[in-house]
K.L.:
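I'd like to ask some things about the structure below.
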Amino acid sequence: MILLFDVGNTSVYTGISDGVDILKTFRLNTEIDKTPDEYFILLKEFIDPSLVEGVVIGSVVPPVTRSLLKLSQKYFNIEPIIIQPGVKTGVFVKADNPKEVGADLIADVAGLKSKLPTLIIDLGTANKFIYAKEGQIHGVIISPGVVLSIKALAGNTALLHEVEVKAPPKYLGNNTVTCIQSGVIYGTVVMIEGMIGRIKEEVKEDFEIIITGGLSKVILEHIRVPMTRDSHLVLRGLLNIYHKNQ
Ligand SMILES: Nc1ncnc2c1ncn2[C@@H]1O[C@H](COP(=O)(O)OP(=O)(O)O)[C@@H](O)[C@H]1O
Ligand SMILES: CC(C)(COP(=O)(O)O)[C@@H](O)C(=O)NCCC(=O)O
Ligand SMILES: [K+]
């Protein structure tokens, strides 16, 4: 069994693989002060530790990277593969400072089945647009995610509060809840549709679109541009990277 950890700022999206397929997935809350032992207590609800043969960690939260590293060493006696400069990923990064590109973005691209031009839209704590072709990241766009936007609104205004992530029946709201839901959900939907159009102007070529991330399902149903949802993309990328480093 190979454990695949996609550590984001909201959740540790975890996959269990037999080396070929992703057999099971689950999400643990990202908590930077959780100890390796505490993460293991959660983990052993889902896995049989004696069957773990490999661990891959793609993380953008350094304290959790350290906890999962220690967990892997202490409970599995395994040195995990941690996505960082020097690890073979098969992904080339065209950026001012390639070392600063998030491991999640690299894993997303590593999970692609096609080398053709592809736009990955990954909706998590942040919204990420990753433009890739021939295994190379040509550019990235980052904006505040849906849940983050709701929290930022509620946390920085006197009279607004957190609302459920749910699209309201109309664009024009008639109460505080639907006003915020419209602004955040439909705002994200039209931002995505608009951004795809601007990217098309810039790259001047056709591209596939894959949407992924914890918030992709609630947003995709309102998007009018054809795209495919792949909730396992990042985990498949971690698995591909595992095989490249055996
Ligand atoms: N309708 C929803 N309401 C609230 N949270 C949601 C909803 N749908 C998905 N989520 C949560 O959004 C979180 C963020 O997605 P994820 O891609 O895991 O973020 P990150 O990679 O930044 O940690 C996930 O933990 C997921 O459970
Ligand atoms: C943009 C991100 C914060 C997204 O993280 P997530 O939404 O998955 O929690 C992460 O990819 C990151 O920390 N990137 C490093 C900076 C960069 O990629 O340019
Ligand atoms: K930060």
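Atoms within a ligand are numbered from 1 in the order they appear, just like the ligands themselves.
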K.L.:
Using a 4.0 Å cut-off to any heavy atom of L123, which atoms of ligand 1 qualify?
P.N.:
17 (O)

K.L.:
Enumerate the atoms of ligand 2 whose separation from the nearest heavy atom of G8 is less than 4.0 angstrom.
P.N.:
9 (O)

K.L.:
If you count the atoms of ligand 1 from 1 in the order shown, which ones are under 4.0 Å from a heavy atom of G124?
P.N.:
15 (O), 16 (P), 17 (O), 19 (O), 22 (O)

K.L.:
With V7 as reference, evaluate L68, T65, D104 under the side-chain contact (heavy atoms from CB on, under 4.5 Å) test and give the passing residue.
P.N.:
L68

K.L.:
What is the closest protein heavy atom to atom 6 (C) of ligand 1, and at what distance does it sit?
P.N.:
L215 CD2, 3.8 Å

K.L.:
Of all the non-hydrogen atoms in the protein, which one sits nearest to atom 21 (O) of ligand 1, and at what distance?
P.N.:
G8 CA, 3.8 Å

K.L.:
Could you tell me whether K200 and D206 make a salt bridge, using a distance below 4.0 angstrom between a side-chain N and a carboxylate O?
P.N.:
no

K.L.:
With side chains defined as the heavy atoms from C-beta onward, is the minimum distance between V234 and T212 less than 4.5 Å?
P.N.:
no

K.L.:
Using the side-chain hydrogen bond (donor to acceptor under 3.5 Å, both in side chains) rule, take T30 and S11 through it: C-alpha gap first, then chi angles, then the decisive distance, then the call.
P.N.:
CA-CA 5 Å; T30 296; S11 60; 5.4 Å; no

K.L.:
Using heavy atoms and a threshold below 4.0 Å, how should the contact between K217 and ligand 1 be classified: side chain, backbone, both, or neither?
P.N.:
neither

K.L.:
Among protein heavy atoms, which lies nearest atom 16 (C) of ligand 2, and at what distance?
P.N.:
E100 O, 3.3 Å

K.L.:
Would a single hydrophobic cluster contain both F92 and L105, if residues Ile, Leu, Val, Met, Phe, Trp and Tyr are joined by side-chain heavy-atom contacts under 4.5 Å?
P.N.:
no

K.L.:
Are any of the N/O atoms on T30, whether in the backbone or the side chain, positioned under 3.5 angstrom from an N/O atom of ligand 1?
P.N.:
no

K.L.:
So is G214 polar-close to ligand 1, meaning N/O to N/O under 3.5 Å?
P.N.:
yes

K.L.:
Which ligand 1 atoms does G213 reach within 4.0 Å, using its non-hydrogen atoms?
P.N.:
17 (O)

K.L.:
Is there at least one pair of N or O atoms, one from N9 and one from ligand 2, spaced under 3.5 Å apart?
P.N.:
yes

K.L.:
Could you check whether any side-chain N or O of N245 sits under 3.5 Å from a backbone N or O of I241, counting only pairs where one atom can act as donor and the other as acceptor?
P.N.:
yes

K.L.:
Measure the distance from atom 18 (O) of ligand 1 to every protein heavy atom, then report the residue, atom name and distance (to 0.1 Å) of the closest one.
P.N.:
S11 OG, 2.4 Å

K.L.:
Quick one: look up the protein heavy atom nearest atom 5 (N) of ligand 1 and list residue, atom name and how far away it is.
P.N.:
V147 CG2, 4.1 Å

K.L.:
Would you say that more than 12 heavy atoms from the other residues, nucleotides or ligands in this model lie under 6.0 Å from the CG of N77, or not?
P.N.:
no

K.L.:
Give a yes or no on whether the backbone of A126 and the side-chain of K128 come within a donor-acceptor separation of less than 3.5 Å.
P.N.:
yes

K.L.:
For ligand 1, which atoms, with element, lie under 4.0 Å from some heavy atom of V165?
P.N.:
1 (N), 2 (C), 3 (N), 4 (C)

K.L.:
Just wondering, are more than 12 heavy atoms of other shown residues or ligands nearer than 6.0 Å to CG in L23?
P.N.:
yes

K.L.:
Does only the side chain of T125 get under 4.0 Å from ligand 2, or the backbone, or both, or neither? Count heavy atoms.
P.N.:
both

K.L.:
Return yes or no for this condition: an N or O of V101 is under 3.5 Å from an N or O of ligand 2.
P.N.:
no

K.L.:
Contact between V218 and ligand 1, counting heavy atoms under 4.0 Å?
P.N.:
no

K.L.:
Exactly one of L69, V55, V87 should register a side-chain contact (heavy atoms from CB on, under 4.5 Å) with I82. Which one does?
P.N.:
L69

K.L.:
Select the closest option to atom 18 (O) of ligand 2 among P144, G102, A107, judged by heavy-atom distance.
P.N.:
G102

K.L.:
May I ask you to identify, for D104, whether its side chain, its backbone, both or neither come under 4.0 Å of ligand 2 on a heavy-atom basis?
P.N.:
side chain

K.L.:
Against ligand 1, does D122 come closer than 4.0 Å with any heavy atom?
P.N.:
no

K.L.:
Looking only at protein heavy atoms, which one is nearest to atom 27 (O) of ligand 1, and what is the separation?
P.N.:
R27 CD, 3.8 Å

K.L.:
What part of D122, side chain, backbone, both or neither, has a heavy atom within less than 4.0 angstrom of ligand 2?
P.N.:
neither

K.L.:
If you apply the rule salt bridge (Lys or Arg N to Asp or Glu O under 4.0 Å), what do you find for D37 with K74, and how did you get there?
P.N.:
CA-CA 9 Å; D37 304 323; K74 177 174 179 180; 2.7 Å; yes

K.L.:
Test side-chain hydrogen bond (donor to acceptor under 3.5 Å, both in side chains) on N127 and S143 and set out the steps.
P.N.:
CA-CA 5 Å; N127 300 320; S143 72; 3.1 Å; yes

K.L.:
Verify the distance criterion only: is there a donor paired with an acceptor across the side chains of Q73 and E79 at less than 3.5 Å?
P.N.:
yes

K.L.:
Nearest heavy atom to atom 14 (C) of ligand 1: which of V234, T10, I150 does it belong to?
P.N.:
T10

K.L.:
Take a 6.0 Å sphere around CD of Q136 and say whether it holds more than 12 heavy atoms from other residues, nucleotides or ligands.
P.N.:
yes

K.L.:
Restricting to non-hydrogen atoms, name the atom on Y186 and the atom on A167 that form the minimum distance, rounded to 0.1 Å.
P.N.:
OH-CB, 3.6 Å

K.L.:
If you measure every N or O of D6 against every N or O of ligand 1, does any of those distances drop under 3.5 Å?
P.N.:
no

K.L.:
Considering non-hydrogen atoms of the protein only, which is the closest contact for atom 22 (O) of ligand 1, and what is the distance?
P.N.:
T125 OG1, 2.5 Å

K.L.:
Where is the nearest protein heavy atom to atom 1 (C) of ligand 2: which residue, which atom, and how far?
P.N.:
I142 CD1, 3.8 Å

K.L.:
Of the protein's non-hydrogen atoms, which lies at the shortest distance from atom 12 (C) of ligand 2, and what is that distance?
P.N.:
V60 CG1, 3.8 Å

K.L.:
Strictly distance-based, threshold 3.5 Å: is any side-chain N or O of K217 a donor or acceptor partner for the main-chain N or O of G214?
P.N.:
no

